[in-house]
Structure formats: C-alpha cells, structure tokens
Amino acid sequence: MKLDGEVLTVFFDGPRASLAMGLKTGGVGHFLRGDSVADRSREDAEGWGKPGGIGDEWRINDERGENYVVEEEAKKCGEEYELRIDVGVAQLHCESVMASVARFTVGYALTSKKTKSFLQPKFEMHARKKGISFVAIDRSRPLEGQGPFDVILHKISGREWQQQLEVYRRSHPDIIVLDPPEAIQHLNSRQSMLQDVADLNFCDCGGKVRVPRQLVVTGDPTSISDSVAKAGLKLPLVAKPLVVDGTAKSHALSLVFNEICLAELDPPLVLQEFVNHAGVLFKVYVVGDTVKAMRRLSLPDVHECESVKHGVISFPRVSCAAASADVADLDPRVAEFPPQELLDSLASQLRHKLGLHLFNLDMIREGGMGNLYYVIDINYFPGYGKMPDYEYVFMDFLLNLAQGRGK
C-alpha cells in the first residue's frame, strides 16, 4: 500500500501532543485527538494522546480504520520534527514535519452551553495552528493546583469562584484574567451598566450616543405607577430584570403600554423608556481593539394610537424577531450601520472605563435614521460564535496578548 501525497502534522498541546493526518488531494481522515472537548475527554479516559514514544499507538478515524504506531521518537530540530511511523503494513517516513508548538495556554471556566458555542472545532483547530491551547479548568478541584496558565478565560458566577480566582491572581501576578471579576460585576446590574455611557465624549465621530431614561424599581409593584410619574418617564416602557446573571430569564423583557399594567410587573427590575428604532438593533461586538457590528431585527415601532390597545407584552429578548436582519427588506437608511469611527470611539472609551476586553453593546438608532443612537444593554463575554470570523478575531487578540508577555 503506497501513501504518496500523505502528510503528517504534529500539534503539541501543552504536555500532550496530537497528530493529524490527511491527503493533500482532499483528505480522508484525521486523528481524533484534540478535535473537540468531548473527544479529548474520552481519549484521556482511554489513555490516548500521551506524548509520542516508541510503540505508542495513536487512534485514527479514517476510511481504512487503522491505527498509527510511533516507531521512532520525535527528533526536534528548532520547530521541525522528524517522525517515522508505521501505518498498517506500510511505512511512512515524514521528514521535517512542521509542528505548531503551544506557547500560550488558556485555561477556561465556562458553562457547558458557553463552551459548546465558543470552543467550536474550527476555532480549536485554528488555535492549535497558532500555538494556543485551551485547557478546561476543573471546578471540582482547587484552582491553585491547576495550570500553569498564561490566560484564564471565564464566565462563571458565584462568590466561591471569585475568591478562588482572586487567590490565584495574587499567587500568579503575571497571569492575564479575562476579565477581572470586579469589572464584570459592574455589568451584572442594569442599574450600573449604562452609567458610564452617559459620560462619554463623541466629538467629530459622526453621531451622538445616549442611554434611555430609566428607573430602578425594587419595592411594592402597586407603587410603580407613582414612581414612574414622579420620574417623568413616558409610556410605553421596557421592563427588564435588574440582575444580569447569564440566564435566559435575565434577558427576558416586557413592553408596558399603560399605567394600570405597571402593577403586574415583578420587581426588582429596570424600566426604560421605549425608543422607536424602525425595528433594527445593532449588536456591537468588542474583542480587545477589534469592533464589529451586526444587524438584528428588534421590536417594532410603537405609535400612540396603538398604546391603548395593549397591556403588557412579553418577549424573550429585544433581538428576538430573527437571527439577522441582513435578509430583511429594509430601507437602506435603516439598514445602514453606525459610523465605524463612532463605534471604535465608543468601544475604546468603554474598555477603559469598564476595565473589560470582551463585551458587546445593544445599540439602536432613534427613528431608524439620523445620527442619534442609544445604548440599551451591555453584556460581558457574549455569544461570539454568532460573529462572522470570530475565530480569527479572537486568535489575533490572544496572539497580541502573548506578544505583550514576550511569548
């Protein structure tokens, strides 16, 4: 059996290594090791994927269903490796096989849902090629005994986790934490998350940015109507949960059309004046210095004659109408994105004020046209998997961090 054209690539992932094999002309298979979190967990349990030594067997998934056996140990020459492996009955000699050596390790503590959406196979593959390895932090074990990590990426709530992370930061002062828990906490309450936006300066950026007038309600629902009147807020109002904890419930909202229905609300919550925006919302993703915007369909405009017909209408979230507004038949003026200069200035100022690298903004344009915008929500570590080319944007961000550490 002749294997002309086959190429063996070696990826080193921290103390472990993974192999990937394919054909130059299309490729029929690859080693499972490292292709996904689930694969790695299973293979670790079965003992696969340990550093290659003579006689070590590497599990492969291809049309032949064969395993590879390392016949000679890898010989390192700079960042090039020579391997001789046995492929079934044939031998394949791979000389000067380029290896991508993991020089930057990211420990991550994420929910299972966030892990699945963020650490997609294409993302992990791109990371390995760039020398970046992602290692799951075992929350059933003390953090201090894990690592070493260059970066800890997390989106876990709870005082116990925050205390562990703070102790780890003190004992490892060079580690980068994305992002500091005290900075994230600022976005966990809708009472505080928009405060910094109102103080920003947008001279000569092609637009103005404001926040909706809002009122925090924590007491008896029957007193909400009086509180709204005293604050001078105008109906309709958007009611949002006060606490943002990453659950679907914290993103749910209601649109309240009349005063009587205010007593039906369930505090604690925030009431924001509804701003007509032609049913289009802009999701502005921030990854370090990179800022990208996407359109979403949003709540339709509300006219004065309609407000008396409804009481309270509930929605799972503002951008609930569709995944994207790109396919909708929109007026070009409504579909037009905010000026990039404005978005860059907004993101840059918020990065410094909030002390965050990873967040997104929900942004609307008053009336759907013009140059007056409102920021209505800010979210830490959003669903980046929905952002086009997020794997390349995120890798560039991490590589810049690595460069800053001299890696």
Side-chain angles (χ1 to χ4, degrees), residues 187 190-200 202 205-217 224 227-242 244 251-259 261-262 265 269-284 293-322 325 328 330-339 342-343 345-347 350 360-379:
L187 299 185
R190 288 193 168 95
Q191 182 174 7
S192 59
M193 71 163 54
L194 300 182
Q195 288 176 351
D196 290 318
V197 178
D199 300 328
L200 302 182
F202 300 101
C205 290
K208 299 177 181 179
V209 179
R210 297 177 181 173
V211 296
R213 297 176 64 201
Q214 67 177 35
L215 173 69
V216 176
V217 179
I224 295 178
S227 298
V228 168
K230 289 179 182 179
L233 267 61
K234 296 180 180 179
L235 295 166
L237 297 173
V238 180
K240 301 179 180 181
L242 180 61
V244 181
H251 291 287
L253 59 91
S254 300
L255 194 57
V256 186
F257 291 89
N258 59 61
E259 294 180 7
C261 294
L262 289 172
L265 300 177
L269 49 81
V270 167
L271 297 176
Q272 288 181 350
E273 285 189 335
F274 181 78
V275 178
N276 281 338
H277 52 284
V280 173
L281 176 144
F282 300 100
K283 287 278 188 182
V284 183
M294 297 179 63
R295 280 183 294 261
R296 289 280 193 275
L297 293 181
S298 178
L299 304 181
D301 286 352
V302 176
H303 302 288
E304 188 174 350
C305 61
E306 297 175 345
S307 62
V308 296
K309 299 179 182 178
H310 308 286
V312 178
I313 300 179
S314 298
F315 299 90
R317 58 201 309 148
V318 175
S319 55
C320 63
L330 298 174
D331 184 312
R333 294 170 296 177
V334 172
E336 182 181 5
F337 282 100
L342 179 67
L343 298 180
S345 177
L346 174 60
L350 282 177
N360 82 340
L361 313 167
D362 286 351
M363 195 171 178
I364 59 176
R365 180 192 287 119
E366 185 179 54
M369 305 176 194
N371 64 353
L372 178 56
Y373 300 88
Y374 285 84
V375 174
I376 59 175
D377 236 345
I378 306 177
N379 304 290

- Item | Minimal non-hydrogen separation, Tyr374 against Glu366, with atom names | OH-OE2, 3.7 Å

- Item | Between CG on residue Asp331 and CD on residue Glu336, distance to nearest 0.5 Å | 10.0 Å

- Query: Under the ring-ring contact (aromatic ring centres under 6.0 Å, His included) test, which residues partner Phe274, sequence neighbours left out?
  - Reply: His277

- Could you tell me the separation between the CG atom of Leu265 and the CD1 atom of Ile224, rounded to the nearest 0.5 Å? 5.0 Å

- May I ask you to test the Leu237-Gln272 pair for a side-chain heavy-atom distance under 4.5 Å? no

- Message: What I'd like to find out is whether the side chain of Val280 reaches to under 4.5 Å of the side chain of Leu330, using heavy atoms alone.
- Response: yes

- Parallel, tilted or perpendicular: which fits the ring planes of Phe282 and Tyr373, with parallel below 30° and perpendicular above 60°? perpendicular

- Query: Should Met363 and Ile376 be marked as a side chain to side chain contact (heavy atoms under 4.5 Å, CB included) after you check the CA-CA gap, both sets of side-chain angles, and the distance that decides it?
  - Reply: CA-CA 6 Å; Met363 195 171 178; Ile376 59 175; over 6 Å; no

- Message: Give me the atom names and distance for the closest heavy-atom approach of Ile313 to Phe257.
- Response: CD1-CE1, 3.7 Å

- Message: Tell me whether Asp301 contacts the main-chain N or O of Ala278 through its side chain, where contact means a donor paired with an acceptor under 3.5 Å.
- Response: yes

- Task: Could you tell me the separation between the CG atom of Leu235 and the CG atom of Leu262, rounded to the nearest 0.5 Å?
- Result: 6.0 Å

- Item | Check: Asn379 and Asp362 side chains under 4.5 Å, non-hydrogen atoms | yes

- Query: Do side-chain atoms of Arg190 reach the backbone of Leu269 as a donor and acceptor pair under 3.5 angstrom?
  - Reply: no

- Short question: side chain of Arg295, backbone of Ala335 - any donor-acceptor pair under 3.5 Å? yes

- Message: To the nearest 0.5 Å, what is the distance between CG on Leu281 and CG on Leu297?
- Response: 9.5 Å

- Task: Please name the pair of heavy atoms, one in Asn258 and one in Gly311, separated by the smallest distance, quoted to 0.1 Å.
- Result: ND2-CA, 3.7 Å

- What closest approach, in Å, do Val270 and Gln191 show between heavy atoms, and which atom pair accounts for it? CG2-N, 4.3 Å

- Taking Asn371 for the side chain and Lys208 for the main chain, is one N or O donor matched with an acceptor at less than 3.5 Å? no

- Counting N and O atoms only, with roles assigned by atom type, does the side chain of Glu273 sit under 3.5 Å from a partner on the main chain of Lys234, one being a donor and the other an acceptor? yes

- From CD1 (Ile364) to CG (Leu372), nearest 0.5 Å: 9.0 Å

- Message: Quick check for you: to the nearest 0.5 Å, what is the distance between Asp377 atom CG and His251 atom NE2?
- Response: 7.5 Å

- Shortest non-hydrogen contact from Gln214 to Leu194? OE1-CD1, 3.9 Å

- Does the pair Leu187 and Val244 meet the rule for a side chain to side chain contact (heavy atoms under 4.5 Å, CB included), with working shown? CA-CA 7 Å; Leu187 299 185; Val244 181; over 6 Å; no

- Looking only at heavy atoms, which two atoms of Cys205 and Leu342 are closest? And how far apart? O-CB, 3.3 Å

- Sub-3.5 Å donor-acceptor pair from the side chain of Arg213 to the main-chain atoms of Gly232, do we have one? yes

- Message: Less than 4.5 Å apart, side chain to side chain, heavy atoms only: is that true for Leu346 and Leu361?
- Response: yes

- Query: Given Leu299 and Leu253, is the side chain to side chain contact (heavy atoms under 4.5 Å, CB included) satisfied, shown in steps?
  - Reply: CA-CA 11 Å; Leu299 304 181; Leu253 59 91; 4.1 Å; yes

- Item | Worked verdict on Leu350 versus Val375 for side chain to side chain contact (heavy atoms under 4.5 Å, CB included) | CA-CA 12 Å; Leu350 282 177; Val375 174; 5.8 Å; no

